[in-house]
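The block underneath contains the structure these notes are about, expressed in structure tokens.
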Protein chains: 4
Amino acid sequence: MTTTTTKRSRTKPAEVRRDELMDAAQALFMEKGFAATSVAEIVEGAGVAKGTFYTYFQSKDEVLAALRERFIEGFRDRVAGAVDACHGSWMDKLEACAEACVNAYLDEVVLHDLVFHQYQPGNRALKSENPVVTCLVGMLREGEGAGAWRLVTPRLTAVMLFGAFHGAVDEALSRDEAADRASLVGAVVRFWRNALTTAA
Amino acid sequence: MTTTTTKRSRTKPAEVRRDELMDAAQALFMEKGFAATSVAEIVEGAGVAKGTFYTYFQSKDEVLAALRERFIEGFRDRVAGAVDACHGSWMDKLEACAEACVNAYLDEVVLHDLVFHQYQPGNRALKSENPVVTCLVGMLREGEGAGAWRLVTPRLTAVMLFGAFHGAVDEALSRDEAADRASLVGAVVRFWRNALTTAA
Amino acid sequence: MTTTTTKRSRTKPAEVRRDELMDAAQALFMEKGFAATSVAEIVEGAGVAKGTFYTYFQSKDEVLAALRERFIEGFRDRVAGAVDACHGSWMDKLEACAEACVNAYLDEVVLHDLVFHQYQPGNRALKSENPVVTCLVGMLREGEGAGAWRLVTPRLTAVMLFGAFHGAVDEALSRDEAADRASLVGAVVRFWRNALTTAA
Amino acid sequence: MTTTTTKRSRTKPAEVRRDELMDAAQALFMEKGFAATSVAEIVEGAGVAKGTFYTYFQSKDEVLAALRERFIEGFRDRVAGAVDACHGSWMDKLEACAEACVNAYLDEVVLHDLVFHQYQPGNRALKSENPVVTCLVGMLREGEGAGAWRLVTPRLTAVMLFGAFHGAVDEALSRDEAADRASLVGAVVRFWRNALTTAA
DNA sequence: AATGAATGAGTTTTCATTCAT
DNA sequence: TATGAATGAAAACTCATTCAT
């Protein structure tokens with residue numbers, strides 16, 4: 001009798017529950033760090049009981065992994081979208097890419113740091129399978145094909161461009177100069193352009 | 001024979017004890033990760049009692065911080081030394097710097113990762129107060145004074161050069177291509193040079 | 001037979017568990033002192049795991065605080081009950097109150113000492129927000145309204161009456177003369193009565 | 001050679017060193033409580049090394065005991081002195097005694113609490129060997145001999161007078177009304193007088 | 001007498017995970 | 001599926017005390 005009424009609201013679609021848990025975890029990890037966040041806090045944030053967490057994730061580490069996947073996908077989509085939307089020259093595309101990177105990164109640095117900076121011996125690979133780099137490589141290659149620039153090692157160049165942008169944004173952040181995004185984007189674009197322009 | 005050496009005083013100069021503890025901690029952290037290493041293991045490794053650890057460090061975190069300092073200093077000394085030892089042109093100095101960076105980093109990646117990859121909200125500053133960057137800035141400014149190149153924002157440029165090198169080495173490492181250091185140094189040097197050469 | 005009772009759920013109503021923990025703690029504290037009792041012993045006494053203690057109390061200190069609350073409430077209830085049950089004159093009520101105080105205190109000295117004798121800077125207030133005093137104040141005021149006595153400072157008087165009783169019982173206890181409760185009650189009552197009778 | 005010069009200032013008369021240690025301990029105990037004070041802090045306060053502490057006291061508890069002795073002596077001397085200095089009637093002496101008690105207590109409550117409130121099963125005796133009570137008893141007996149008042153149980157009365165005064169001062173302290181010592185002394189004296197005046 | 005580095009037993013506390021309901 | 005009380009292993013850290021100098 002009472003069963004029909006009670007059952008309903010408690011059970012949500014698995015996907016939804018899982019997302020809610022991930023959202024709660026992400027917010028807390030970003031606020032206090034991974035190690036400093038307890039499962040107890042995550043479930044509190046998601047409004048479920050302790051045990052429920054373990055129906056969706058095998059361990060605390062697993063949520064972090066899931067979060068990482070989600071972040072990578074989102075970042076790549078955003079940057080790739082900006083490049084695709086640009087119908088100018090290759091240099092224009094490069095500029096669009098730099099701008100998208102800076103903005104996407106700035107918008108989500110904390111999250112970025114969270115999902116990437118957990119040291120465990122031998123997780124270096126993560127950074128390089130970086131989809132933004134992959135996307136950059138593609139663009140560099142196409143641009144090269146079109147004669148926009150010449151590159152000895154496209155992948156390494158992409159990685160260095162990415163590293164340069166990364167460093168610039170980190171610097172801006174640590175100096176509280178990230179608010180002036182235009183200047184930042186300007187500096188990065190200028191640097192990238194130079195780096196790709198072989199001195200005659 | 002050895003008796004005389006062994007017998008002498010359980011008490012050692014503070015500096016020595018501290019270093020022994022740091023060495024033991026560093027070895028363990030690099031082997032199993034920071035979180036997975038217990039203070040109990042560290043003191044066992046250093047051959048002292050639990051309490052002794054706490055006469056030299058306030059907490060486990062503090063050793064990591066000390067290790068970071070030690071790493072940074074060593075890295076900077078190495079790079080600065082290489083630049084100072086180069087008596088060629090500014091471009092030569094730049095090259096010497098790039099080479100020293102790549103080599104120093106490659107020689108101590110594991111340690112580098114250990115001391116830098118622990119995410120805690122708001123430790124971002126560390127990277128930018130990076131003494132290698134500071135050293136680079138100095139060099140860039142002097143080089144600019146000497147007319148070797150022209151820079152709009154020296155610090156940001158230095159930071160991007162550093163980021164580029166960092167990314168390149170990370171990439172090489174993750175692809176197991178770090179063995180061919182010459183190529184790597186070559187790629188970095190070429191990239192740096194371009195980045196500093198304003199396209200006319 | 002007994003199986004049904006025993007088997008049922010390792011989980012007990014929160015209130016019950018909490019009380020069991022408090023009981024175990026109280027017994028041990030009274031036997032060996034607060035500092036000399038470890039949480040390990042408490043949980044052993046209560047038949048639960050270490051962690052369970054911390055589901056109910058934030059720290060060892062918190063149990064002591066809870067014990068104090070419980071003691072104070074019990075004491076007040078007992079005294080207030082005795083006064084309410086007395087339907088004689090105001091002097092009779094005063095006498096009932098004195099008697100109840102002496103008896104209640106004598107019955108639980110050890111516990112009293114346990115919960116009150118832990119010196120920590122600034123816990124003095126506890127004594128004065130003493131609900132027995134509050135109850136005494138009420139009685140004194142009502143009695144005054146009824147013309148039983150006249151008081152310049154009711155609260156201070158209540159506090160002094162309480163102090164007098166407290167001192168008398170402490171004295172009796174330390175001299176092992178507490179067995180003769182009648183005499184003790186007599187002395188306290190006589191003293192209280194005098195103290196409230198303004199010499200004409 | 002160098003011995004003569006170096007030795008001098010380091011070694012102080014034992015008595016002095018001991019006092020310095022007691023002073024340092026007392027200050028710290030009063031500020032943060034006995035348990036919360038470490039031997040390390042005591043020796044720091046006294047400006048000596050860890051080991052020195054143990055040349056003068058066998059343990060941390062022993063300092064507290066020494067402090068208690070010192071407090072008791074000082075308090076008794078002060079009250080007894082005030083009574084002796086009063087050459088009026090017995091009621092005057094009583095008044096002088098009450099005043100001295102209140103003042104001495106107010107001046108050293110924290111210390112009083114420190115040395116008396118440390119609960120360990122069975123240290124109740126301490127309070128009753130209270131020298132002020134003993135002194136009060138003497139005065140009450142003499143006054144009774146001189147016909148100033150009549151008492152059934154002098155010691156118990158003394159103890160109750162002491163308890164009353166104690167309660168009054170505690171109350172004043174917890175209400176921050178201790179500054180107005182005159183009123184406080186007045187209330188206590190009035191109460192004491194009444195308590196000693198048998199209602200005809 | 002004085003030192004202070006070293007000790008290490010002992011304690012509190014945390015928290016990821018389980019499991020009976 | 002959801003719950004949340006219970007678990008208990010594991011860890012960090014403290015500090016009174018010792019003792020070689």
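Below, each value reflects all heavy atoms present in this structure, side chains not excepted, and no hydrogens, waters or symmetry copies. Below, chains carry the letters A, B, ... as their sequence lines are ordered, and counting in each starts from 1.
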> What's the verdict on side chain to side chain contact (heavy atoms under 4.5 Å, CB included) for D/Arg70 and D/Asp19, showing C-alpha distance, side-chain angles and the deciding distance?
Replying inline: CA-CA 10 Å; D/Arg70 196 164 83 169; D/Asp19 278 347; 4.0 Å; yes

> What is the distance from CD1 of A/Ile42 to P of F/dG4, rounded to the nearest Å?
Replying inline: 17 Å

>> As a quick check of understanding, evaluate side chain to side chain contact (heavy atoms under 4.5 Å, CB included) for B/Val39 and B/Tyr54, giving each step before the final call.
In response: CA-CA 10 Å; B/Val39 173; B/Tyr54 290 93; 3.6 Å; yes

> Can you name the closest pair of heavy atoms from C/Ala24 and C/Ile42 and give their distance?
Replying inline: CB-O, 3.7 Å

> For DNA chain F, which consecutive runs of 3 or more Watson-Crick or G-U pairs (each distance under 3.5 Å) count as stems?
Replying inline: E:2-21 with F:2-21

> Expressed in angstrom and rounded to an integer, what is the separation of B/Phe57 atom CZ from F/dT14 atom C1'?
Replying inline: 18 Å

>> A side-chain contact here means heavy atoms from C-beta on lying under 4.5 Å apart; do A/Tyr56 and A/Met22 qualify?
In response: no

> Over how many whole Å does the gap from A/Asp61 atom CG to E/dT17 atom P extend?
Replying inline: 8 Å

> Any salt bridge between D/Glu15 and D/Arg18, counting N to O under 4.0 Å?
Replying inline: no

> To the nearest Å, how far apart are A/Leu21 CG and E/dA16 P?
Replying inline: 14 Å

> Just by protein heavy atoms under 4.0 Å, how would nucleotides 6-12 of chain E read 5' to 3' in B, S and -?
Replying inline: BBBBB-B

>> How many whole angstroms separate atom CZ of D/Arg18 from atom C1' of E/dA1?
In response: 16 Å

>> Using only atom types and a distance under 3.5 Å, with no angle test, would you say the side chain of B/Glu41 pairs donor to acceptor with the backbone of B/Ser38?
In response: yes

> What's the verdict on side chain to side chain contact (heavy atoms under 4.5 Å, CB included) for C/Val48 and C/Phe53, showing C-alpha distance, side-chain angles and the deciding distance?
Replying inline: CA-CA 8 Å; C/Val48 295; C/Phe53 178 89; 5.8 Å; no

> F/dC15 P sits how many Å from D/Glu44 CD, rounded?
Replying inline: 14 Å

> In whole Å, what is the span from the CD atom of D/Glu15 to the C1' atom of E/dA1?
Replying inline: 16 Å

>> Counting only heavy atoms not in A/Glu44 (residues, nucleotides, ligands), do more than 12 fall under 6.0 Å from its CD?
In response: no

